[in-house]
Amino acid sequence: MAEERFDFREAEPRWQRRWEEADIYRVERDPSRPKYYALAMFPYPSGKLHMGHVRNYTIVDVIARYRRMKGYNVLHPIGFDSFGMPAENAAIQHGANPAVWTRENIAEMTEQLKQLGYSYDWSRAVYTYREDYYKWTQWLFLQFYKKGLAYKKTAPVNWCPSCQTVLANEQVEGGRCWRCDSEVTKKDLSQWFFRITQYADELLDDLKLLEGGWPDQVRVMQDHWIGRSEGAKVDFTLEATGDKIPIFTTRPDTIYGVTFMVVAPEHPIVEKICTSGLIPEDRVAAIRAFQEKMKHLTEIARTAEDTEKEGLYTGLDVINPFNGDKVQLWIANYVLMDYGTGAVMAVPAHDQRDFEFAKKYGLPIKVVIQNPEGTLKAEEMTEAYVDPGVMVNSGPFDGTPNLEGIAKVAAYAEEQGFGEKTVTYRLRDWLISRQRGWGAPIPIVYCEKCDTVPVPESELPVRLPDDLDFSGQGGSPLARHEGFVNTVCPQCAGPARRETDTMDTFVCSSWYYLRYTDANNAEKAWNQEDVDYWMPVDQYVGGVEHAVLHLLYSRFFTKVLRDMGLVKVDEPFARLLTQGMVLKDGAKMSKSKGNTVSPEEMIARYGADACRLFIMFAAPPERDLDWSDAGIEGAYRFVNRFYRMVVQALPAYRHARSLLPVNPADPASVAGALSEAEIAEGLAKAAPSLTADDRALRRTVHATVKRITADLHERFAFNTAISGLMELTNAIYAYRDKQKSEDANTSALVMAEAVQKAVLMIAPFCPHLAEELWSRLGHPRSVHLESWPVYDEEVARAETVEIVVQINGRVRDRMEVPAGISAAEMEAVARASEKVQALIAGKQVVKVIPVPGKLVNIVVKG
RNA sequence: GCCCGAGUGGCGGAAUGGCAGACGCACGGGACUUAAAAUCCUGGGGCCGCCGCGGCCGUGCGGGUUCGAGUCCCGCCUCGGGCACCA
C-alpha cells in the first residue's frame, strides 16, 4: 500500500510552516476566558538542546496543548537565559564575542525547538542579554535600592578562584562552586546584596500555601535552607573590659552548664583583645597565626565532618550573667562568624561539639540536665547528654523539666535585662555582585562628592559596551573599560565612576515569567492588567536542581514586587513539577562518558512526534528516564500503526459522512469532515441497530476519553495516557478485523467516532501526526484549535463485568455478570457457582463480603 | 549522623486496600513473501503435576492490621537525592 507510513520528513516541517504562517499559537489577554499559564524553566543557550530539554519542554507542551483544547486561554512562552559564564568563557578561550556566540546558539536552539513542534507564542520570547530586557532588570534593581532592599556592604564572601567572581551562599554546594566545582574560599570585599532575609519568615510560612502544588522535597529543601531557629540571645561580659559578647543558643535551659565560651576566629572581640594590651605578645602572635590559618582554609577544609575541632584560649575570661561564673574565652574553628552572633556558650555536658572540644583541651564538664534515671555523672560521660531531663545545678530552675525550662530561662534573661528570646536563620542575604563582564551592569555611580548615586531611571539602560576586553586577565572586563567606568555624577555632574560589577544571572531569571505576560512593552517592565490576568504561573516544570536557587529567588522577587504593588500574587508558581533526569545506561549523559543521545539525530531518524511520544511514555515525568534506543523504535512503530489505522478507516469515515446530512453552515461539514456533534447524533439515531461489537468499541472509545482526560488533567500520568491510546488503537484494529460488510452503515459511524476521537487525543503528544490525519479526515481547520473530545458516561459504562469469587481471599472462580448488579445479587450468583459449592461443601460460611462490580469473598471455616 | 524518595517479570513500567504484572520493549510461534525487511495475528512471572486442566509460590527482608496488603502500620536491608560542626 502506498500509505504505509507517516512521512514525517515531509509532513513535520510542512505543518510547522503552516502553524507559523497562520500564527495559531499567539495569545492575547482575554478576560472572558479562563487562562492557563504553562511554563518550562527557560534554557541557557549553551549550544544545542539535550534530551533533558526535550523532556522538559515536551511535558509543558503536552500540558499546554491539552489545556488549549479544553478551552483555556493558554500562555505558553519561551525565552533564553542568556547572560552568564559560558558565553564569557567562550570569549576568553576562543576570542569569541559573547554576544555573537550567544546569538548563534540561540538561533540554533530556536531552530531545534521549532523542529520539535512546540506550541510557543514566539512573539513573546524574552532574551535576558538584550537591552530591552536588562533595562528592566536594572530598573528592578533601582526599585529594590529605593526600598533599602539592595545595599552594599563589606563582608567575607564566597570567592570562586576559577570563575574569578564571588558567589551567593545558595551557589556554593558543599564548599564548591555550583558551576565549576572548584573549592570556594572566603574574601573580604565590598559587594551588593539583596535583603532576602527580610522576607525569611514569609518565604518559610508561605511554603504552606504551596502544599499539594509543589513536591514535598522542594518545600522541605527550602524550609531547611531558610533554617529558622528559635532560641535566646544572652549577653556574656568580658571580665577585663566590660564588653558585652552576645551569644545565641537554642538551649537556654543548659545555661548553668556553661564551662567556657567560644567565638569564631573572625569575631570582632578577638581583634579588640589582641590590640588591648591585656594579654601577652606571644599569645597575640598565636591568635594571629590561628586566624591566618583559618582564613586561608577553604570552606570544605574548615567545616568537613572529619575535621578535628581546634581552638585556642584567648587568655581572658567572660562572666555568665545567670550565675556570675567566670569561664575561659576561646576561639575555635567550629564556630562560624556568619551564623547567630559568631559566639557560642559552651555546654559540654549537653552538646556533642562542646563535649569533644572540652575533652580535647581538658575543660570542665558540668551536668545541668539530669536523665530520668538520675545516673548522669560528668566524669563518667563518654558523649553529651541531649535527651530530655530535669534541670539541676541551675539555681532557681532546679527541678524544672528542661523542655519547660527553655522558655522560662529565656524569659528570666529578658526580665533581668541581659538577654531576650530571638530567632536566627541560616538564610543569608543574597549576594548579587559578580566580577564578570557578560551580565547586566549594576546601575550605580560612585561620586567623590555625592558618594553612592543610583542611575536615574530615565538614563536606563546602563549599556554593556560591545568592545569589552575578555582576555580573562586582571579582574572584571568592565573595570578595565575606561569609557564605561568614567562618567559624570547624575546628581552634581562632577566626575564619577560607574559600578563595574554585573548582576548575578539569577537576578535576570527571577522575573522573566512576569515579562512574558507583556514581553514587548517598551515603556514598562510589564503592564498591570496583563500581569494580573496571567499570573500566577499555573504549572511550572523544571529540574530539581533549582530547588533553592532560582525557585527561592523568584519567590522572593514576587513578594517584594507585591509589596511594591507591581504584582498581586503572593507566590509566582502555583504548581511545580520537577522532572527527572534523562539517563543513558543508568548514568547521567555526559560527553566524557560517551553516552550522550542527540535530539537532533533522533528527530532526523524517527521524527519529532516519535521522540515526543517515547519520552512521555517511557516513565512518569517526575522519575528518571533511561533512554532506550529500542524504546524509541517502539514509539516510532506506534506512530505508524496509528497513522495506518486512520488512513485505512478513511473509506469508512467517508461512508459515515454520506449517511448524514451536510450542514451548509459548517465549512468542515461541507469539506467532507464530520463534527463530533454530527457523529454523536448519527450514533444516537443508529443506536438500536448497533451490534455487540459496535457497542463494545464505543464503550472502549468513551472509557478511553474518560481515562486519558483524568490522566492529563491533574495527574500528569502521560505514560498511562499513552498506553490508553495504544489500547484504543489495538481495539480499533481488532474491531475492524471482525467487521462484515452487512453492517457497513452503523459500523462506519462507530469507526468514524473511534478514529476521530483518537486523533483528537493524540494531538497533544504528536501534533504533526494528528494535524496530518485531521486534515486527511477532511477538516479544514487545525486540530490544535479543536475542542478536547467529550465522553458519554452512559456509553463508557460496561454492560457486563467479570467478577471474581474468592474463598478465604483466594480466587476460585470468575463469572460474567450484568454491570449494575447489586451486592446481594452478586452474593447469590457467587454461591450458585458449582466450583464454589464444591469447595465450601461441608464447611461453615463465616462471612461473605461482596464488593459491587469487583468480587465476592466467601470466608469459610473448617 | 539527620531528612526525603525508590525497590514489582529479561527490561521500561501499570495497579481509589479488592483478579499483581495494563501498555510497551526484547524474545518465541504463525500469516504474508521466491527470500528478507516492513506489516498483521499470537504466546508468555516462577515451580509442580494426570500440561486445551489444575495446584503451589510470587511485588527488597522480617513481623503486624484486615475477609482481603504491591498499597496501611512497626522494625530492618539496599540504592538514589538533599542537608551536614547552624550553636
Side-chain angles (χ1 to χ4, degrees), chain A residues 1 4-5 173-175 215-221 223-225 227-229 231-232 247-251 254 262 264 302-309 332-336 338-347 350-354 356-357 424-427 544-545 547-548 578 580-581 586 613-614 617-620 622-635 637-638 640-641 644 717 719-730 733-734 737 802-814 846-860:
Chain A
M1 201 183 286
E4 274 193 337
R5 288 184 188 218
E173 296 170 347
D216 288 350
Q217 190 198 8
V218 176
R219 290 188 304 113
V220 166
M221 280 168 74
D223 187 314
H224 289 174
W225 187 260
R228 183 185 155 101
S229 178
I247 58 92
F248 172 75
T249 180
T250 55
R251 294 292 307 276
T254 65
V262 202
R302 177 158 164 196
T303 62
E305 190 176 14
D306 49 7
T307 303
E308 189 156 349
K309 294 185 182 17
N333 59 348
Y334 74 95
V335 180
L336 308 172
D338 61 4
Y339 184 80
T341 60
V344 177
M345 65 177 210
V347 186
H350 307 293
D351 181 286
Q352 187 59 26
R353 291 155 305 181
D354 299 342
E356 285 167 25
F357 195 81
T424 53
Y425 302 87
R426 218 178 86 106
L427 181 72
V544 73
E545 65 274 13
V548 282
T578 50
M581 288 188 295
L613 190 76
F614 170 68
F617 178 64
E622 65 282 353
R623 228 178 302 170
D624 286 350
L625 181 159
D626 206 349
W627 185 268
S628 150
D629 293 335
I632 187 160
E633 287 272 1
R637 274 204 292 272
F638 177 71
N640 286 313
R641 183 170 157 83
R644 270 190 303 275
N719 55 332
T720 55
I722 292 167
S723 79
L725 279 170
M726 290 170 166
E727 284 175 81
L728 176 60
T729 304
N730 292 343
Y733 270 99
D737 288 350
E802 189 187 61
I803 62 159
V804 160
V805 184
Q806 296 181 332
I807 293 169
N808 290 345
R810 309 192 70 107
V811 179
R812 294 303 175 190
D813 199 9
R814 296 154 189 280
V846 181
K847 201 171 177 184
V848 179
I849 297 121
V851 182
K854 295 237 169 81
L855 56 74
V856 178
N857 188 13
I858 301 170
V859 186
V860 296

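Residue numbers begin at 1 in each chain, while the letters A, B, ... track the order of the sequences.
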Counting only side-chain N and O atoms of [X], is one of them less than 4.0 Å from OP1 or OP2 of [N]?
| X | N | result |
| --- | --- | --- |
| Arg812(A) | C19(B) | no |
| Asn730(A) | G24(B) | yes |
| Ser229(A) | A87(B) | yes |
| Asn719(A) | A14(B) | yes |
| Arg644(A) | C40(B) | yes |
| Arg641(A) | G24(B) | no |
| Arg637(A) | C23(B) | no |

What distance, rounded to whole Å, do you find between the two [atom1] atoms, one in [N] and one in [M]?
| N | M | atom1 | answer |
| --- | --- | --- | --- |
| G68(B) | G18(B) | C1' | 7 Å |
| C73(B) | G17(B) | P | 12 Å |
| C53(B) | U65(B) | P | 39 Å |
| C41(B) | C56(B) | P | 35 Å |
| U8(B) | A22(B) | C1' | 13 Å |
| G52(B) | U71(B) | P | 35 Å |
| A35(B) | A20(B) | P | 44 Å |
| G58(B) | G70(B) | C1' | 11 Å |

Watson-Crick or G-U wobble partner of [N], both distances under 3.5 Å:
| N | answer |
| --- | --- |
| C27(B) | G43(B) |
| A14(B) | none |
| A6(B) | U78(B) |
| G1(B) | C83(B) |
| G54(B) | C48(B) |

>> I need the minimum non-hydrogen distance between Thr729(A) and Arg641(A), along with the two atoms involved.
In response: CG2-NE, 4.1 Å
Measuring from the side chain of [X] (C-beta onward, heavy atoms only), which nucleotide among [options] has the closest atom?
| X | options | value |
| --- | --- | --- |
| Ile849(A) | C19(B), C3(B), C67(B) | C67(B) |
| Asp737(A) | G24(B), C67(B), C41(B) | C41(B) |
| Thr720(A) | C25(B), A87(B), A15(B) | A15(B) |
| Gln217(A) | G81(B), A38(B), G12(B) | G81(B) |
| Val811(A) | A87(B), C19(B), C40(B) | C19(B) |
| Arg810(A) | C3(B), C57(B), G18(B) | C57(B) |
| Val804(A) | C19(B), G18(B), A38(B) | C19(B) |
| Tyr339(A) | A26(B), C23(B), A87(B) | A87(B) |
| Lys847(A) | G24(B), C67(B), G13(B) | C67(B) |

[atom1] of [X] versus [atom2] of [N]: gap in Å, rounded?
| X | N | atom1 | atom2 | value |
| --- | --- | --- | --- | --- |
| Arg426(A) | C3(B) | CZ | P | 16 Å |
| Ile247(A) | A87(B) | CD1 | C1' | 8 Å |
| Leu336(A) | A87(B) | CG | P | 10 Å |
| Ile722(A) | A14(B) | CD1 | P | 12 Å |
| Met581(A) | C79(B) | CE | P | 17 Å |
| Lys309(A) | A87(B) | NZ | C1' | 11 Å |
| Ile803(A) | G18(B) | CD1 | P | 16 Å |
| Phe617(A) | C11(B) | CZ | P | 17 Å |

Within this structure, what is the [atom1]-[atom2] distance for the pair [X] and [Y], rounded to the nearest 0.5 Å?
| X | Y | atom1 | atom2 | value |
| --- | --- | --- | --- | --- |
| Asp354(A) | Tyr334(A) | CG | OH | 4.0 Å |
| Phe638(A) | Ile722(A) | CZ | CD1 | 8.5 Å |
| Arg426(A) | Asp223(A) | CZ | CG | 11.0 Å |
| Lys854(A) | Ile849(A) | NZ | CD1 | 15.0 Å |
| Leu427(A) | Arg228(A) | CG | CZ | 12.5 Å |

Would you mind classifying the nucleic acid contact of [X] as base, sugar-phosphate or nothing, using non-hydrogen atoms under 4.0 angstrom?
| X | result |
| --- | --- |
| Gln806(A) | base |
| Asn808(A) | nothing |
| Glu802(A) | base |
| Gly227(A) | nothing |
| Val859(A) | sugar-phosphate |

>> Exactly one of Val344(A), Ile247(A), Thr341(A) should register a side-chain contact (heavy atoms from CB on, under 4.5 Å) with Val335(A). Which one does?
In response: Val344(A)
> Which of these passes side-chain contact (heavy atoms from CB on, under 4.5 Å) with Val805(A): Asn857(A), Asp813(A), Val811(A)?
Replying inline: Asp813(A)
> Going by a 90° cut-off around 0, is C51(B) syn or anti?
Replying inline: syn
> When the nearest nucleotide of RNA chain B is assigned to Arg251(A) and to Arg814(A) on a heavy-atom basis, which residue is associated with the more 5' position?
Replying inline: Arg814(A)
> For Met581(A), does its backbone N or O pair with a side-chain atom of Asp624(A) as donor and acceptor, under 3.5 Å?
Replying inline: yes
